There are 4 protein chains.
Amino acid sequence: MEKKEKITDKKTALLDATLNLVNNHGFHKAPMSKIAKLAGVAPATIYLYFENKQDLINSLYLTVKASFSEHAFKGYEDGLPVKKGFEIIWYNIADYKLNKIDEATFLSQCDNTPIIDEAVAEEGLKHLQPLLDLWEKGRKEEIVKPLSNYILYAYTVYPLSFLLAIQEKNYYKLNDEMRQKAFQSAWDAIKI
Amino acid sequence: MEKKEKITDKKTALLDATLNLVNNHGFHKAPMSKIAKLAGVAPATIYLYFENKQDLINSLYLTVKASFSEHAFKGYEDGLPVKKGFEIIWYNIADYKLNKIDEATFLSQCDNTPIIDEAVAEEGLKHLQPLLDLWEKGRKEEIVKPLSNYILYAYTVYPLSFLLAIQEKNYYKLNDEMRQKAFQSAWDAIKI
Amino acid sequence: MEKKEKITDKKTALLDATLNLVNNHGFHKAPMSKIAKLAGVAPATIYLYFENKQDLINSLYLTVKASFSEHAFKGYEDGLPVKKGFEIIWYNIADYKLNKIDEATFLSQCDNTPIIDEAVAEEGLKHLQPLLDLWEKGRKEEIVKPLSNYILYAYTVYPLSFLLAIQEKNYYKLNDEMRQKAFQSAWDAIKI
Amino acid sequence: MEKKEKITDKKTALLDATLNLVNNHGFHKAPMSKIAKLAGVAPATIYLYFENKQDLINSLYLTVKASFSEHAFKGYEDGLPVKKGFEIIWYNIADYKLNKIDEATFLSQCDNTPIIDEAVAEEGLKHLQPLLDLWEKGRKEEIVKPLSNYILYAYTVYPLSFLLAIQEKNYYKLNDEMRQKAFQSAWDAIKI
DNA sequence: CATGAATGAGGGTTCATTCAT
DNA sequence: CATGAATGAACCCTCATTCAT
């Protein structure tokens with residue numbers, strides 16, 4: 001057990017270091033040497049855990065995406081009424097994006113930049129299936145507008161990325177009341 | 001006149017080349033040498049028109065942002081009713097984002113990445129003032145929900161960036177009917 | 001006449017500009033573009049007056065060296081007694097080195113650096129002939145020690161370069177009294 | 001111990017290579033690539049031992065200056081009579097300048113050129129203190145003329161730089177007899 | 001497992017020089 | 001005569017990656 005943990009330790013440290021550097025300075029200006037230093041490790045050590053820089057970034061992306069999905073569906077289960085289910089997921093995602101700022105910022109950067117290999121990016125898309133299923137159900141029950149999943153996503157989850165970015169730049173801080181209003185707008189946008 | 005045009009020619013060619021390379025391969029992997037080659041120019045020539053790479057990127061950002069604003073408010077004037085005015089602006093922006101794909105993609109990348117100097121990024125924010133004024137009017141007339149501009153933007157304009165990205169990845173093509181539905185969702189999200 | 005002067009004007013301006021830049025920043029960091037700008041001329045214009053950068057430097061060296069020699073022998077004539085003649089020349093050189101600081105500094109830099117083509121440097125050496133003749137006479141009359149011209153030079157004229165450098169760095173300012181003492185030391189070093 | 005030596009090896013090789021190239025071709029025309037090649041090392045390796053080119057030059061300057069001082073005061077001790085002490089130091093310096101030609105030439109170039117950072121240059125000045133103390137003593141005992149240290153230096157040590165340069169250009173070779181005469185001139189210049 | 005020294009390839013940038021005007 | 005735009009070559013430096021230890 002101890003050995004396995006040690007491995008995870010350094011791997012995690014490297015992923016964390018990468019996250020911070022890429023977030024704060026961009027993919028360029030996040031050299032392997034700095035990543036190593038920030039992780040408290042020698043540069044060559046990185047290559048024991050990752051094939052190369054691209055693999056490191058890809059791995060980080062998938063790791064963060066997985067953690068995101070895990071949070072997104074916390075407390076959610078299949079049988080719930082559409083609005084209730086949507087509410088749970090939306091608030092979960094909002095919590096994630098507005099609290100786990102670094103992770104969310106990194107995902108934003110990946111989604112708007114060609115730094116992630118396309119194949120890997122596609123793999124990251126599969127995580128939202130339960131939400132897509134819920135929307136399908138909502139459309140059938142004529143509670144949700146007959147719009148494609150893309151549009152539903154664009155008007156409910158995606159706006160949170162903007163609010164995150166704004167908050168990150170310290171222009172603004174989203175309190176509980178505003179969060180409720182934001183949810184209301186999301187729901188208004190897609191409900192029939 | 002001829003000389004001035006020639007200058008503009010090369011400068012424009014350089015900006016275009018940068019746009020394409022940064023869009024398709026990211027800021028890293030858009031070396032000056034490739035930019036020069038794509039623009040049909042020697043690398044050293046870039047430095048006749050821009051101080052350095054950062055200045056080139058910043059200039060491109062401001063140029064594109066200006067063109068974006070110009071399109072956003074085409075045919076719009078101050079006195080219009082809130083919904084009508086909003087409709088005009090929204091469709092303008094939708095047209096821009098879904099047709100001038102390269103420009104819009106580049107702006108997305110800049111807004112989600114630390115490649116633009118902060119001072120320059122702030123300068124780019126000033127362009128939306130007429131829309132903000134319109135929203136203020138809408139709130140006063142109790143047509144628009146009493147939400148901050150950030151939230152209004154997040155639920156109306158920002159979703160278009162997602163639709164653009166989706167379309168760009170060829171998963172989807174937004175036709176006129178869907179565009180109308182998308183507008184409806186935007187309006188539903190913020191109207192009282 | 002006017003045209004000739006105009007030519008001389010620009011040529012002189014270029015030589016002056018080069019002198020200043022090389023003195024203050026070194027041969028490297030004295031690019032042709034800056035030289036041109038300081039001289040109020042386009043870069044390409046330099047090549048109307050000089051073959052290339054090396055020729056510009058060489059020309060400057062010879063020009064300054066000529067001006068130096070001219071000053072060195074002002075008021076001197078062949079028939080004078082050895083000590084009197086030496087005194088005149090020494091004071092002339094001292095005046096030049098301690099007043100025409102830029103020129104003297106430049107000569108120092110050239111003499112201690114491989115920036116001047118060797119052939120040109122040798123040509124610059126011929127200018128001191130009258131002093132060498134005077135020394136020859138002094139040795140014959142057994143007023144001056146039987147030392148080679150190099151050593152005589154090293155102990156009389158060359159020390160002034162050091163005093164110049166010191167003065168230039170503002171550590172020190174040589175007044176008339178000290179100058180007389182300095183001359184005394186020079187004479188003591190070589191007189192029998 | 002072995003590792004430390006290896007490090008010193010490459011660092012020394014780089015300093016040596018720099019010395020040679022700067023001496024023979026000047027600071028410009030001593031590109032990092034050539035320095036590396038002459039040291040038997042890849043260009044990037046230089047940056048393991050020095051921050052940048054300026055740091056390399058500065059380090060070389062301080063290294064050589066230290067070696068110079070060490071030689072200058074070999075066999076000298078404080079209590080010696082003024083003339084005897086001066087003789088020892090003068091001959092030490094003469095030996096250094098006329099034998100360790102490369103080092104001395106480099107120092108000359110540094111002292112007459114703005115290639116060394118000023119702060120570093122000043123640090124190099126501190127090394128001659130024992131000689132300055134000796135002169136102070138000589139002035140008090142009325143053996144040495146009441147001249148500033150600068151002038152004393154100009155007429156005793158500095159002339160050796162000229163003799164070095166002459167010798168380096170192969171115009172001349174200073175044998176023991178001439179060296180004694182040169183010392184006599186130095187002493188004549190400053191003794192009362 | 002872990003490392004730090006080492007590097008080849010390539011990055012951004014400068015510059016002496018040219019050429020059409 | 002004079003120019004300024006243009007450039008090829010070279011410069012300094014960085015960095016992802018490797019390899020002996």
Side-chain angles (χ1 to χ4, degrees), chain A residues 3 6-7 9-11 28-37 39-57, chain B residues 2-3 6-7 9-11 27-36 39-57, chain C residues 3 6-7 9-11 28-37 39-57, chain D residues 2-3 6-7 9-11 27-36 40-56:
Chain A
K3 245 184 180 172
K6 234 182 179 177
I7 286 182
D9 258 3
K10 280 192 180 163
K11 195 165 186 174
H28 75 300
K29 296 202 179 171
M32 296 296 258
S33 55
K34 273 190 192 167
I35 291 173
K37 189 172 288 176
V41 151
T45 305
I46 301 181
Y47 294 86
L48 297 178
Y49 298 97
F50 304 96
E51 278 182 29
N52 50 38
K53 194 177 181 184
Q54 188 61 55
D55 180 40
L56 168 57
I57 296 277
Chain B
E2 206 194 45
K3 239 183 184 169
K6 235 183 179 174
I7 286 183
D9 261 0
K10 276 189 183 161
K11 194 166 187 175
F27 180 85
H28 75 298
K29 298 204 177 170
M32 297 298 255
S33 54
K34 275 189 192 167
I35 291 174
V41 154
T45 304
I46 301 180
Y47 295 88
L48 294 178
Y49 299 97
F50 304 95
E51 280 184 25
N52 49 41
K53 192 177 183 182
Q54 187 63 56
D55 181 40
L56 169 58
I57 296 278
Chain C
K3 244 186 179 172
K6 235 183 177 176
I7 287 183
D9 260 2
K10 280 192 180 161
K11 194 166 187 176
H28 76 299
K29 296 202 179 173
M32 297 297 257
S33 55
K34 273 189 192 167
I35 291 173
K37 189 172 289 176
V41 152
T45 304
I46 300 181
Y47 294 86
L48 296 177
Y49 298 97
F50 304 96
E51 279 183 28
N52 50 38
K53 193 177 183 183
Q54 189 62 55
D55 180 40
L56 169 57
I57 296 277
Chain D
E2 205 193 48
K3 241 185 184 172
K6 235 182 180 176
I7 285 184
D9 260 1
K10 275 188 184 163
K11 195 167 187 175
F27 180 85
H28 76 298
K29 297 202 178 171
M32 296 300 255
S33 55
K34 274 189 192 169
I35 292 173
V41 153
T45 304
I46 301 180
Y47 297 88
L48 294 178
Y49 300 96
F50 304 96
E51 278 183 25
N52 48 42
K53 193 177 182 183
Q54 188 62 56
D55 180 42
L56 169 57

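Letters A, B, ... mirror the listed sequences (proteins, then strands); counts begin at 1. Note that the coordinates shown come from a computational prediction; the quantities given were computed from them, not determined experimentally.
Taking CG of A:D55 as the start and OH of A:Y47 as the end, the distance is 10.5 Å to the nearest 0.5 Å. Between atom CE of residue A:M32 and atom OG1 of residue A:T45 there is a gap of 11.0 Å, rounded to the nearest 0.5 Å. For the atom pair C:K53 NZ and C:L56 CG, the distance stands at 8.5 Å (nearest 0.5 Å).
Counting heavy atoms of neighbouring residues, nucleotides and ligands inside a 6.0 Å radius, atom CD of D:E51 does not exceed 12 of them.
Taking 4.5 Å as the limit, every side-chain heavy atom of B:K10 sits out of range of all side-chain heavy atoms of B:L48.
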Provide a list of protein-nucleic acid N or O atom pairs under 3.5 angstrom, restricted to nucleotides 15-19 of chain E.
residue	atom	partner	partner atom	Å
E:dA16	OP1	C:K53	NZ	3.0
E:dA16	OP2	C:M32	N	2.5
E:dT17	OP2	C:Y47	OH	3.0
E:dT17	OP2	C:K53	N	2.9
E:dT17	O5'	C:Y47	OH	3.4

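Annotation: cation-pi pair C:K29/D:F27 absent, no NZ/CZ under 6.0 Å from the ring centroid and within 45° of its normal.
A close approach under 4.0 Å does occur between a side-chain nitrogen or oxygen of C:T45 and OP1 or OP2 of F:dT3. Side-chain nitrogen and oxygen atoms of A:K10 include at least one within less than 4.0 Å of the OP1 or OP2 phosphate oxygen of E:dA2. In this model, the phosphate group of E:dA2 is approached by a side-chain N or O of A:Y49 to a distance below 4.0 Å at OP1 or OP2.
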Query - Pair assignment for DNA chain F - dot-bracket with | for other-strand partners, Watson-Crick or G-U under 3.5 Å - result: .||||||||||||||||||||
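Summarising the geometry of C:I35 relative to C:A30, their closest heavy-atom pair is CD1-O, 3.6 Å, with the distance given to 0.1 Å.
Residue C:L48 is the one, among C:L48 and B:G40, whose nearest nucleotide of DNA chain F lies closer to the 5' end (criterion: closest heavy atom). Remark on DNA chain E: of its neighbouring residues A:I46 and B:K34, the 5'-side contact belongs to A:I46, judged by nearest-heavy-atom nucleotide.
Partners of A:K34 by side chain to side chain contact (heavy atoms under 4.5 Å, CB included), not counting sequence neighbours, listed by chain and number: A:L21, A:P31.
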